[in-house]
Every structure is written in C-alpha cells, then in structure tokens.
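Just the heavy atoms: all of them, side chains too, but no hydrogens, waters or symmetry mates, feed the values below. Lettering follows sequence order; numbering is per chain, from 1.
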Protein chains: 2
Amino acid sequence: MIRLSRRSDYGLVALKALRELGVDDALSARELAVRHGLPADLTPKVLARLAQAGLVESILGKSGGYRLARLPELISVAEVVRVLDGDATLAPCREGLLECNRFESCDIRHPLDTLHREVMMVLDRMSIAQL
Amino acid sequence: MIRLSRRSDYGLVALKALRELGVDDALSARELAVRHGLPADLTPKVLARLAQAGLVESILGKSGGYRLARLPELISVAEVVRVLDGDATLAPCREGLLECNRFESCDIRHPLDTLHREVMMVLDRMSIAQL
DNA sequence: CCAAGTGCGACCAGGTTAGTCCGAGTTTAG
DNA sequence: CTAAACTCGGACTAACCTGGTCGCACTTGG
C-alpha cells in the first residue's frame, strides 16, 4: 500500500509551518500543535526526530522552540519520509525479521527495488518549499 | 510509508508465475503456492480477487486452476496493487472514518494528491511482463 | 532559583492485516 | 453416475504495527 504514516504527515505540516518564520524566531512544539490541530503530545516527538536528523534546529530553554535548519527548497519530501518512517522498501521481503522463505528464488525483488527507487525520486523532486 | 502489502506481493508473484503458462493450461492455486512458497490458504484468496477483477481467469472443476486473462504486457503493477489493496491516497486525511480536524485549513493536501498521482504513474509504467 | 522549553524512554490501546478454518457449488475423469 | 479435485466466499482468530499518552531529566532565560 502506498500511504504516508501519520508521523510523516505531521512532519510535513510542521515543516511547512516552520517555513514562514523569521530567521531568529523559534516556534515551540506546543504552539505549533495547537495552531495546526496536531496532537499535542506527538508533535514534540516528531520534531525531535527531525532535529536529530538535522532538518530542524532545536533551541533549548525558555522561549525556545524549533526552526528550520536549511532553506525549505533544500528539504525534500523524500527526506522527511525517510527520517520519520525509515526507508522501507516496496517489497515486504526486505523487512527486518520475517524471512522470506523464497528469498533466493524470489525473482520479483529486483524489479520491485527499481520501482522503489523511482518512487523515491518522485518524492525527492518535491520540496518543503512547494507544499 | 511506501510499502506493498503482503497480499499485493503475493499477487505479483502469482501473476508472474502464471505468465509462463501455455495458452490452454491452468495452474491450481495450491500448486502455485507450493511451487513458490506462498501460504497455501491465502493464495486462493488472492487469486480469487484477481479473478473477479478480471486480471485472471478461473477454470472450475477437476484439473482447473487459474490463467492470465490478458497479455502480461497489459497488466500493470498499479492495477494489481489497486485491486488487492484498494487505492488509498498518500495523505492519511483522506481515509474513511477518521476526520482530519484541520481538513479545511489543510494546505498540504493538494500537493500530496499530486505526488500520489505521480507515484501511481510510476507503478503504471511497469507491467507484469517486466517483472 | 524558578518557569517554560526540549529530549527521550517506557507504556497502553486500538486498528489493520496476515493467516486459518469451514461449507457450498462445479466440473471433469474414470 | 459417482467421486475427486477444484474454485468461491464468509467468518473467525491472532499477531503486529501505529498512534497516542505519561513521566522524568536536562537546559536556559528572567
């Protein structure tokens, strides 16, 4: 199935919100959440992950918050998805634990990987600036 | 996240297997399952769904089974996924029951729909013949 | 020193999906 | 004509994943 997880969705909304911020401003997770109707307790988590991936800067202390770490043109949707959802492959074979019992004989893996790459390229072409 | 469900995966494997079949041959679901290591009880279900969607023909009775209903070049990966997983949209907002509480103010929906269309086009360009 | 932030881990709950079991209807081989 | 082999469809169970919550430690500005 082709669907964004909720996390990725929230992440995109948050980044878009951060986009229209002054250079030295910062927006707290809570403030961002209430303004855009995101779950109050989940938003900090999403932002924290974006921060440790370097997409966003966190500012500690009172009157702290988050701010974009790069120009919005330089953050692609693909990157956000990868950070928040991990980059799984199209084929379920490739997942962590479940071993595909036909792993060797599986001949649809390669074409599926190709497809996956193409899909990611599509997501790569859209940046936060275009949301 | 971008991942195929197990069902779709099985469906693709099955279609690929059916591809190399004589015109008047048919392969039973059970036979197909054991040959390719698919779950024995799930395979008939997947095939049945493909059949009622018209991608595959079912042949009743003894020595019956399944066979491709069209040339493999005319069956796209996108179609298989759509049949087996339904066609969801990228944005979780769009799902059945859960109402997005910021549905009106949501401004990332349109770009996301665009992305979804592009992704489906990618899946559309690959056919069973190319697996 | 205190209030308001982030950061991070553990935890619960609900939904979705994979997988199984069963019965019924159909067709062909012998 | 009979029996075997197959498809079809629904109902049911179990496991996994995800969204969401709570709580505590650390940092910073006033």
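B:D9 has its CG atom 15 Å from the C1' atom of C:dG19, to the nearest Å. We find that CD of B:E57 is positioned 16 Å from C1' of D:dC6, with the value rounded to whole Å. Put simply, OH on A:Y66 is 18 Å from P on C:dA4, counting in whole angstrom units. One can place CG of B:D41 at 18 Å from P of D:dA11, the figure rounded to the nearest angstrom. In this structure, B:I59 places its CD1 atom 12 Å from P of C:dT27, rounding to the nearest Å. Regarding A:L38, its CG atom lies at a distance of 12 Å from the P atom of D:dT21, rounded to whole Å. The distance from atom CG of A:L47 to atom C1' of C:dC8 is 14 Å, rounded to the nearest whole Å. Atom-to-atom, CZ of A:R49 to P of C:dG9 comes out at 11 Å; the value is rounded to the nearest Å.
The side chain of A:R30 places an N or O atom within less than 4.0 Å of a non-bridging phosphate oxygen (OP1 or OP2) of C:dG5. Between B:Q52 and D:dG9 there is a side-chain N or O to OP1 or OP2 distance below 4.0 Å. Here B:Y10 does not reach the OP1 or OP2 of C:dA18: none of its side-chain N or O atoms lies under 4.0 Å away.
No salt bridge links A:R67 with A:D25; every basic N to acidic carboxylate O contact stays at or beyond 4.0 Å. With respect to the salt-bridge test (charged N to carboxylate O, under 4.0 angstrom), the residues A:E79 and A:R70 qualify.
Both A:R7 and A:S63 lie close to DNA chain D; mapped to their nearest nucleotides by heavy-atom distance, the more 5′-ward contact belongs to A:R7. Taking the nucleotide of DNA chain D with the nearest heavy atom to each of A:G61 and A:L42, the more 5' of the two is matched to A:L42. Mapped onto DNA chain C by nearest heavy atom, B:A40 and A:S58 fall at different nucleotides, with A:S58 at the one closer to the 5' end.
You'll find that the side chain of A:K62 is closest to C:dA4, out of C:dG7, C:dA4, D:dT7. Of the candidate nucleotides D:dT28, C:dA29, D:dG20, D:dT28 has the atom lying nearest to any side-chain atom of A:L60. The side chain of A:S28 approaches C:dG5 more closely than any other nucleotide in the set C:dG5, D:dC8, D:dT21. For B:P39, counting side-chain heavy atoms from C-beta on, the closest listed nucleotide (C:dG19, D:dC8, D:dT21) is C:dG19.
Within 6.0 Å of CZ on A:R30 lie no more than 12 heavy atoms contributed by other residues, nucleotides or ligands.
No side-chain heavy atom of B:L84 sits less than 4.5 Å from a side-chain heavy atom of B:L4.
Contact of B:K45 with D:dG10 (side chain to base): a donor-acceptor pair of N or O atoms is detected under 3.5 Å.
Smallest separation of non-hydrogen atoms from B:M126 and A:P111: CE-O, 3.9 Å.
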